[in-house]
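Just so you know, these numbers use all the heavy atoms, side chains as well, and skip hydrogens, waters and symmetry mates. Sequence positions, counted from 1, serve as the residue numbers for this chain.
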Amino acid sequence: MSAVAALRRPLQEDLSGFVGLLRHLQVPHRVSEERGEQVLWVSAEPVAEQVRELYLRYPQGDMAAELLPAPAPSAAAGALQQLTTSPTTSLVLILALLVALFTRLGDDYGALRWLTFQDFRVDASYIYFSPWLEGLHNGQWWRLVSPALIHFGVLHLAMNGMWYWELGRRIEARQGGLQLLGLSLLIALLSNLAQFWFSGPSLFGGLSGVLYGLLGYCWIFQLLAPTPAYRLPRGVLGMMLVWLLVCLSGVIDTLGFGSIANAAHVSGLLAGCATGLLGGALARVRR
């Protein structure tokens with residue numbers, strides 16, 4: 001949506017109540033930090049005027065949801081509005097879905113070989129990988145990040161998609177789509193390189209390394225510069241870290257549920273924490 005600044009408020013002011021009101025009223029918006037202020041952006045100037053009037057009446061969002069109820073949208077309209085409000089998050093998930101269809105969830109090796117970290121060929125029941133630098137010399141630079149879009153099975157795709165939707169929307173609403181895209185590409189690059197270095201030539205993929213990176217980013221950023229957008233539901237961080245430890249223990253492999261790209265998970269988390277440290281420190285200095 002086009003960027004129109006509806007409100008500019010001090011950083012110390014808590015806009016979470018008013019932002020919740022806008023969400024209840026189905027008003028597309030996002031909040032960013034600029035020059036020591038919180039800036040609330042909407043899609044057009046007429047909407048901005050209505051938002052300013054609403055803020056004068058209900059700055060904390062109190063009782064406004066009852067006095068100004070939003071008309072209930074249809075399921076299709078609600079889903080479309082969610083997609084258009086978070087276009088970068090939606091784009092990544094749509095690409096992951098298209099890749100799943102293109103590769104038949106990893107079963108079509110002929111299609112899969114164009115997106116893996118290394119090119120490969122199948123001879124009888126053996127897979128032979130080409131040197132990874134050979135692909136780069138041939139201009140196939142997308143291989144450094146494209147494994148993040150590969151998923152092996154419906155459950156793999158559904159779980160990763162759900163968590164990317166949850167975390168990606170928060171970062172996009174708080175800091176914009178370019179920030180989310182840059183973080184996703186950087187974490188995908190580092191986690192793929194780490195997984196290759198750790199496991200050698202192999203088939204790996206999934207958004208989970210990126211997810212742990214986004215989780216680490218929100219976690220450390222929130223510690224340094226608290227913001228409502230990065231306040232995760234209670235227990236989410238602990239659950240994700242416990243799951244990481246379970247995967248590292250080898251229990252999942254032993255039970256026969258498939259190999260886990262542990263190096264991608266750990267490196268993604270560390271990369272996310274490092275970028276969250278940088279982003280949170282800069283936000284703290286601005287305040």
For this session: Answer whether the closest heavy-atom distance between the side chains of Leu232 and Leu167 falls below 4.5 Å.
Result: yes

For this session: Check the side chains of Thr227 and Arg174 for a donor-acceptor pair under 3.5 angstrom, ignoring hydrogens and angles.
Result: yes

For this session: Could you walk me through whether Gln38 and Glu13 pass the side-chain contact (heavy atoms from CB on, under 4.5 Å) test, one step at a time?
Result: CA-CA 8 Å; Gln38 300 179 80; Glu13 181 174 335; 4.1 Å; yes

For this session: Check the surroundings of atom CZ in Phe129: do more than 12 heavy atoms from other residues, nucleotides or ligands lie under 6.0 Å from it?
Result: yes

Exercise. With distance as the sole test, does Gln195 use its side chain to make a donor-acceptor pair with the main-chain N or O of Phe204 at under 3.5 Å?
Worked result: no

For this session: Compare all side-chain heavy atoms of Asp108 with those of Phe102 and state whether any distance is below 4.5 angstrom.
Result: no

For this session: Before giving the answer on side-chain contact (heavy atoms from CB on, under 4.5 Å), spell out for Leu270 and Leu190 the whole-Å C-alpha distance, their side-chain angles and the decisive distance to 0.1 Å.
Result: CA-CA 10 Å; Leu270 293 176; Leu190 296 177; over 6 Å; no

Problem set entry | Aromatic ring pairing Trp132/Phe196, orientation class (parallel under 30°, perpendicular over 60°, tilted between) | tilted

Exercise. Any luck finding a side-chain donor-acceptor pair between Tyr212 and Ser267 under 3.5 Å?
Worked result: no

Exercise. Would you say the side-chain atoms of Gln50 and Tyr55 include a donor-acceptor pair closer than 3.5 Å?
Worked result: no

Exercise. Considering all heavy atoms of both residues, which atom of His265 and which atom of Ile260 are nearest to each other, and what is their separation?
Worked result: CE1-CG2, 3.5 Å

Exercise. Can you tell if the side chain of Glu166 reaches within under 4.5 Å of the side chain of Arg169, non-hydrogen atoms only?
Worked result: yes

Exercise. Do Gln118 side-chain atoms and Ser130 backbone N/O form a donor-acceptor pair below 3.5 Å?
Worked result: yes

Problem set entry | Polar side-chain atom of Ser146 near backbone of Leu115 as donor-acceptor pair, under 3.5 Å | yes

Exercise. Hey, mind stepping through Thr103 and Tyr109 against side chain to side chain donor-acceptor pair (under 3.5 Å) and telling me if it holds?
Worked result: CA-CA 7 Å; Thr103 63; Tyr109 282 3; over 6 Å; no

Exercise. If only atom types and distance count, is the side chain of Arg284 paired as donor or acceptor with the main-chain N or O of Ala225 below 3.5 Å?
Worked result: no

Exercise. So, the side chain of Asn192 versus the backbone of Leu144: is there a donor-acceptor pair under 3.5 Å, distance only?
Worked result: yes

Exercise. Can you check whether Ser199's main-chain N or O pairs, donor with acceptor, with Ser202's side chain at less than 3.5 Å?
Worked result: no

Problem set entry | Flag for Thr89-Trp165: side-chain donor and acceptor within less than 3.5 Å | no

Exercise. Under the side-chain contact (heavy atoms from CB on, under 4.5 Å) criterion, do Phe221 and Gln175 qualify, and how do the steps go?
Worked result: CA-CA 12 Å; Phe221 193 109; Gln175 295 182 274; 3.9 Å; yes

Exercise. Does the side chain of Val4 come within less than 4.5 Å of Val47's, by heavy atoms?
Worked result: no

For this session: Evaluate the side-chain proximity of Leu7 to Arg52: yes if any heavy-atom separation is below 4.5 Å, no if none is.
Result: yes

Problem set entry | Pair Gln179-Tyr217, side-chain donor/acceptor within less than 3.5 Å | yes

For this session: Scan Leu15, Asp14, Val31 and name whichever one has a side-chain contact (heavy atoms from CB on, under 4.5 Å) with Pro228.
Result: Asp14

Exercise. Is a side-chain N or O of Ser184 found less than 3.5 angstrom from the main chain of Gly182, in a donor-acceptor match?
Worked result: no

Problem set entry | His137 side chain vs Gly135 backbone, donor-acceptor pair below 3.5 Å | no

Seminar exercise, completed: CG of Leu244 to CG of Leu215, rounded to nearest 0.5 Å, is 10.0 Å

For this session: Decide yes or no for Trp163 and Val236: does some side-chain heavy atom of the first lie under 4.5 Å from some side-chain heavy atom of the second?
Result: yes

Problem set entry | Test item: Arg143 side-chain N/O and Thr116 main-chain N/O as donor-acceptor pair under 3.5 Å | yes

Exercise. Can you tell me how far CG of Leu183 sits from CD of Glu172, rounded to the nearest 0.5 angstrom?
Worked result: 12.0 Å

Exercise. How are the rings of Tyr126 and Tyr128 set to each other: parallel, tilted or perpendicular (split at 30° and 60°)?
Worked result: tilted

Problem set entry | Heavy-atom check, side chain of Thr88 versus side chain of Ile171, under 4.5 Å | no

Exercise. Which atom names give the shortest non-hydrogen contact between Gly276 and Leu224, and what distance separates them?
Worked result: O-CD1, 4.3 Å

For this session: Verify the neighbour count for atom CG of Leu178: are there more than 12 heavy atoms of other residues, nucleotides or ligands below 6.0 Å?
Result: no

Problem set entry | Point-to-point distance, once rounded to the nearest 0.5 Å, from CG of Leu193 to CZ of Phe117 | 4.5 Å

Problem set entry | 4.5 Å side-chain heavy-atom contact, Gln222 and Arg231 | yes

